[in-house]
Number of protein chains: 2
Amino acid sequence: MPRAGLTQARVVDAAVALVDERGLAALTLAAVAERCGVAAPSLYKHVSNLADLRTLVGVRVIHEMTGQLATAISGRSGADAVASLMRAYRDYVTEHPARYAAMPVDPLHQPEFAEAGLRMLEVIQAALRPWGFDQPNLIHAIRAARVIVHGFASLEAAGGFGLPHDLDETFERVIRMFLADLPEL
Amino acid sequence: MPRAGLTQARVVDAAVALVDERGLAALTLAAVAERCGVAAPSLYKHVSNLADLRTLVGVRVIHEMTGQLATAISGRSGADAVASLMRAYRDYVTEHPARYAAMPVDPLHQPEFAEAGLRMLEVIQAALRPWGFDQPNLIHAIRAARVIVHGFASLEAAGGFGLPHDLDETFERVIRMFLADLPEL
DNA sequence: CTTTTATGCTAATGGCAATAGCTAATGCCT
DNA sequence: AGGCATTAGCTATTGCCATTAGCATAAAAG
């Protein structure tokens with residue numbers, strides 16, 4: 001019996017691919033095992049249990065998305081950076097709608113996600129830095145940005161918008177709405 | 001063997017109570033059956049299967065919420081009605097966070113939810129009527145309202161906002177942001 | 001009072017998560 | 001090269017849940 005050469009990373013790869021193809025609800029150890037060409041109990045050598053695998057997938061998604069957000073704001077500043085950040089957020093979700101569902105909504109409150117969530121938060125803070133908000137106003141601004149971007153993305157990922165018609169236009173409008181709500185620079 | 005006197009409505013009652021108490025993931029036929037004082041297979045006399053029960057719960061939640069939204073705008077108009085609508089939406093979610101997760105995001109696209117979803121949509125349209133939007137602008141306005149209200153509500157229901165501190169203030173700010181984005185009346 | 005209908009039951013099947021314990025491949029260390 | 005410890009993978013098993021089949025009896029209809 002030859003070895004499959006699994007590693008935790010490859011198990012997570014398979015899990016992510018499965019989520020992409022069949023949705024988050026299809027993320028089962030049995031399905032991941034089959035995709036890895038292995039019996040289900042073998043996965044426990046690389047992952048503690050199903051909950052652990054879900055966590056690992058979530059962390060990977062946060063990191064991946066954070067990378068794209070960071071790229072989106074690099075070399076930009078002010079309203080330009082913020083708009084680019086918001087568009088990058090939406091782009092990630094439209095490219096990988098099922099992955100977005102694997103991302104925890106409250107990463108900062110769960111130790112397993114805290115570090116990844118913090119890095120994403122830092123990117124958002126960086127985009128808003130030019131405004132020089134004090135602490136409470138910065139918090140409100142970050143929350144408003146998240147509300148818009150998460151609201152739009154989760155509705156779009158779930159097909160919640162009826163016709164896809166003019167969705168780009170709607171998104172540009174909510175970006176403008178958010179920017180107009182920020183103080184002049 | 002005395003009868004339990006179950007009906008579909010009472011099964012859904014039990015399901016909703018279960019969701020409230022233990023979250024949407026705990027909605028299982030076995031648990032509902034126990035709560036009804038009945039063996040699990042007996043539920044199939046009132047509900048086709050688990051998916052059907054989930055649908056029934058979702059429909060009930062949409063109707064319930066629609067009722068509260070309609071109450072919130074009655075006797076009001078313009079910005080007053082819109083703000084009241086948005087607050088009522090959030091209130092429902094904070095009062096029943098787990099139920100909100102049972103509500104489908106794209107009701108209009110699923111036949112089982114279409115009627116209920118349409119009634120909710122009509123309430124939102126009613127609140128925006130004074131602006132006299134043409135079709136495309138009305139669509140954008142409704143979408144923007146949903147983005148904000150769903151984004152905020154789903155983040156709050158999932159505990160996604162770190163400290164609950166000043167959440168009311170954040171919500172009032174995003175309401176103002178949305179109202180400021182509407183044309184003058 | 002009989003007949004029909006519908007409600008609830010027990011028994012059984014199949015899928016999935018998880019654990020226990022075995023076997024063999026791999027890596028390390030002379 | 002040979003020996004040993006480690007580790008990856010396997011089969012077997014348990015338990016929970018959804019679902020189906022078939023039975024018994026309560027309630028309703030005549």
Side-chain angles (χ1 to χ4, degrees), chain A residues 1-61 98-99 101-104 110-113, chain B residues 1-61 98-99 101-102 104 110 112-113:
Chain A
M1 11 196 114
R3 279 198 192 184
L6 278 192
T7 96
Q8 188 176 79
R10 305 198 72 217
V11 172
V12 176
D13 290 344
V16 170
L18 194 66
V19 168
D20 281 342
E21 287 170 22
R22 302 207 260 133
L24 187 59
L27 178 54
T28 136
L29 287 179
V32 171
E34 187 188 352
R35 178 175 273 270
C36 291
V38 131
S42 307
L43 295 179
Y44 287 84
K45 294 289 153 111
H46 305 282
V47 147
S48 315
N49 48 43
L50 179 60
D52 182 40
L53 178 58
R54 289 201 186 111
T55 299
L56 292 167
V57 169
V59 169
R60 169 166 311 181
V61 169
R99 281 184 211 182
M103 200 173 113
Q110 296 159 264
E112 324 85 83
F113 296 113
Chain B
M1 12 190 113
R3 280 201 190 180
L6 277 193
T7 101
Q8 188 177 79
R10 305 198 71 217
V11 172
V12 176
D13 289 344
V16 170
L18 193 65
V19 168
D20 281 342
E21 287 172 21
R22 301 206 260 133
L24 187 59
L27 177 53
T28 129
L29 287 179
V32 171
E34 188 188 352
R35 177 176 275 268
C36 291
V38 130
S42 307
L43 295 179
Y44 287 83
K45 296 288 155 123
H46 305 281
V47 147
S48 315
N49 49 42
L50 179 59
D52 182 40
L53 178 58
R54 289 201 186 109
T55 298
L56 292 167
V57 169
V59 168
R60 163 151 335 165
V61 170
R99 281 184 211 183
Q110 295 159 264
E112 324 85 82
F113 296 113

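In the text below, chain A, chain B and the rest are named by the order of the sequence lines, each starting its count at 1.
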Engineer: Do any N or O atoms of the protein come closer than 3.5 Å to N or O atoms of nucleotides 20-22 of chain C, and which pairs are they?
Structural biologist:
none

Engineer: Among all residues two or more places apart in sequence or in another chain, which pass the side chain to side chain contact (heavy atoms under 4.5 Å, CB included) test with B/A31?
Structural biologist: B/L18, B/R22, B/T28
Engineer: If you compare all heavy atoms of B/N49 against all heavy atoms of B/Y44, which two are closest, and at what distance to 0.1 Å?
Structural biologist: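 Closest approach of B/N49 to B/Y44, heavy atoms only: CA-CE2, 3.9 Å.
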Engineer: In Å and rounded to the nearest 0.5 Å, what is the CD to CG distance from A/E21 to A/L27?
Structural biologist: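 Separation between the atoms: 12.5 Å.
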Engineer: How many angstroms lie between atom CG of B/L43 and atom CD of B/Q8, to the nearest 0.5 angstrom?
Structural biologist: 11.0 Å
Engineer: Take atom OH of B/Y44 and atom P of C/dT10, then tell me their distance rounded to the nearest Å.
Structural biologist: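 It works out to 16 Å between those atoms.
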Engineer: Considering only heavy atoms, which members of residues 15-40 of chain A lie under 4.0 Å from some atom of DNA chain C?
Structural biologist: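 Going residue by residue through residues 15-40 of chain A, the ones with a heavy atom under 4.0 Å of DNA chain C turn out to be A/T28, A/L29, A/A30.
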Engineer: What is the distance, to the nearest angstrom, from the NE2 atom on A/H46 to the P atom on C/dA18?
Structural biologist: 16 Å
Engineer: Test side chain to side chain contact (heavy atoms under 4.5 Å, CB included) on A/H46 and A/V12 and set out the steps.
Structural biologist: CA-CA 10 Å; A/H46 305 282; A/V12 176; over 6 Å; no
Engineer: Nearest-Å distance, CZ (A/R54) to C1' (C/dA17)?
Structural biologist: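 Going from A/R54 (CZ) to C/dA17 (C1'), I get 10 Å.
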Engineer: Kindly give the heavy-atom pair with the smallest separation between A/A15 and A/L53, and that separation in Å.
Structural biologist: CB-CD1, 3.9 Å
Engineer: Looking at residues at least two apart in the chain, or sitting in another chain, which of them share a side chain to side chain contact (heavy atoms under 4.5 Å, CB included) with B/T7?
Structural biologist: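 Residues passing side chain to side chain contact (heavy atoms under 4.5 Å, CB included) with B/T7: B/A9, B/R10.
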Engineer: Who are the side chain to side chain contact (heavy atoms under 4.5 Å, CB included) partners of A/Q110, not counting sequence neighbours?
Structural biologist: A/P104, A/D106, A/E112, A/F113
Engineer: For residues B/K45 and B/L6, determine if any side-chain heavy atom of one lies less than 4.5 Å from a side-chain heavy atom of the other.
Structural biologist: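 No; the side chains remain at least 4.5 Å from each other.
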Engineer: Which heavy-atom pair separates A/V57 from A/A102 by the least distance, and what is that distance?
Structural biologist: CG1-CB, 3.9 Å
Engineer: Chain A on DNA chain D: first and last contacting nucleotide, 5' to 3', under 4.0 Å to a heavy atom?
Structural biologist: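 Taking any atom under 4.0 Å from a heavy atom of chain A, the span is D/dT7 to D/dA12.
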Engineer: Tell me the interatomic distance from A/R3, atom CZ, to C/dT23, atom P, rounded to whole angstroms.
Structural biologist: 15 Å
